[in-house]
Amino acid sequence: MRIATWNVNSVNARLETVTRWFEEAQPDVACLQEIKCVNEKFPAEAFERLGYNLAVHGQKSYNGVAILSKTPLEDVRRGLPGDDTDEQARYLEAVVSGPQPVRVASIYLPNGNPTGTEKFAYKLAWMERLRRHAEELLGYEEPLALVGDYNVIPEDRDAEFPKNWVEDALYQPESRAAFRSLKWLGLTEAYLQADGAPGAYTFWDYQAGAWQRNNGIRIDHALLSPQAADKLRGVSIHRDVRSWDKPSDHVPLVVELDL
DNA sequence: ATGACTAAACTCTTTAGA
């Protein structure tokens, strides 16, 4: 089973690019972030034509997450528990049905810039809510994949030019510590486990020729429960998609499990 | 020191992204 995560930076503005990738890569499950539309505006038919079932948690203009699956989705949960006043659509969870079901979450973790503002505080609070929720999910002792745009650069080697990021929310010690504390619950970071080579990035800014200079960062991640990590076969980053016409600034990350 | 791109919307600028 191939589970993909991809921040598409507007599913409607980029529908042709996104569906082209689906046709080529044929993921069994795909978690999308930054769909940037309400549920009613999600281009459901385009994906249903490709054989996908879908769950969408959208929002006007910003954020928005979705899960697409070739098998039916069950136990769909919208929103991250822990704050009833949070209206940002950044978390969607569902169980992918099949002989060996997998629980999957599509995560769009807050950016948090600029640091020292309420946006950064929101990022850290959101990460703490995610940690608590992940702790509960791990208690199920099931195959679980928490995938998405974490907006965290875990280590120096996850940036081509680490010095560019020292003031950035994605690279603050607090952001990185929160990411580590999530992993320390007992989650396996799929890329490090299956590959781990430095210089692999998932995001290149649109500005200042970042792609041409390979000024990239690795901020899209897949965290696996022990029951899923045991079945980890491999991970691939679809880097070439960044050079397509009308690209997202993120590229797909694909995890392959023996399930 | 600044801006560079891209998208969305109560669009001819502003906000947000990372």
Q.
Under a 3.5 Å threshold, yes or no: a donor from one side chain and an acceptor from the other, between A:Asn9 and A:Lys36?
A.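 The criterion, which ignores hydrogens and geometry beyond distance, is satisfied for A:Lys36 and A:Asn9.
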Q.
B:dA7, OP1 or OP2 - any side-chain N/O from A:Lys246 closer than 4.0 Å?
A. yes
Q. Is the phosphate of B:dT6, meaning OP1 or OP2, less than 4.0 Å from a side-chain N or O of A:Arg14?
A. no
Q. Can you tell me how far C1' of B:dA4 sits from CH2 of A:Trp204, to the nearest Å?
A. 19 Å
When rounded to the nearest Å, what value does the distance between [atom1] atoms of [N] and [M] take?
{"N": "B:dT11", "M": "B:dA7", "atom1": "C1'", "value": "12 Å"}
{"N": "B:dA1", "M": "B:dT15", "atom1": "P", "value": "24 Å"}
{"N": "B:dT2", "M": "B:dT6", "atom1": "P", "value": "23 Å"}
{"N": "B:dA16", "M": "B:dC10", "atom1": "P", "value": "14 Å"}

Let me have the donor-acceptor pairs involving side chains of residues 135-144 of chain A, under 3.5 Å, with sequence neighbours excluded, atom names and distances please.
| from | atom 1 | to | atom 2 | distance (Å) |
| --- | --- | --- | --- | --- |
| A:Tyr140 | OH | A:Arg77 | NH1 | 3.4 |
| A:Tyr140 | OH | A:Arg77 | NH2 | 3.3 |
| A:Glu142 | OE1 | A:Arg103 | NE | 3.2 |

Q: Could you pull out all residues at least two apart from A:Trp211 that satisfy ring-ring contact (aromatic ring centres under 6.0 Å, His included)?
A: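 Testing A:Trp211 for ring-ring contact (aromatic ring centres under 6.0 Å, His included), a comparison that skips the adjacent residues, returns A:Trp204.
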Q: Name all residues meeting the side-chain hydrogen bond (donor to acceptor under 3.5 Å, both in side chains) criterion together with A:Gln172; count only those two or more places apart in sequence or in a different chain, and write none if there are none.
A: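 Not a single residue meets the side-chain hydrogen bond (donor to acceptor under 3.5 Å, both in side chains) criterion with A:Gln172.
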Q. With sequence neighbours excluded, what pairs up with A:Ser225 under the side-chain hydrogen bond (donor to acceptor under 3.5 Å, both in side chains) test?
A.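 For A:Ser225 the side-chain hydrogen bond (donor to acceptor under 3.5 Å, both in side chains) partners, ignoring immediate neighbours, are A:Gln227.
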Q. Reading nucleotides 8-18 of chain B 5' to 3', which nucleotides get B (base under 4.0 Å from a protein heavy atom), which S (sugar-phosphate only), which -?
A. SSS----BSSB
Q. Can you list every salt bridge (Lys or Arg N to Asp or Glu O under 4.0 Å) pair that touches residues 38-59 of chain A, not counting sequence neighbours?
A.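 Non-adjacent pairs meeting salt bridge (Lys or Arg N to Asp or Glu O under 4.0 Å): zero.
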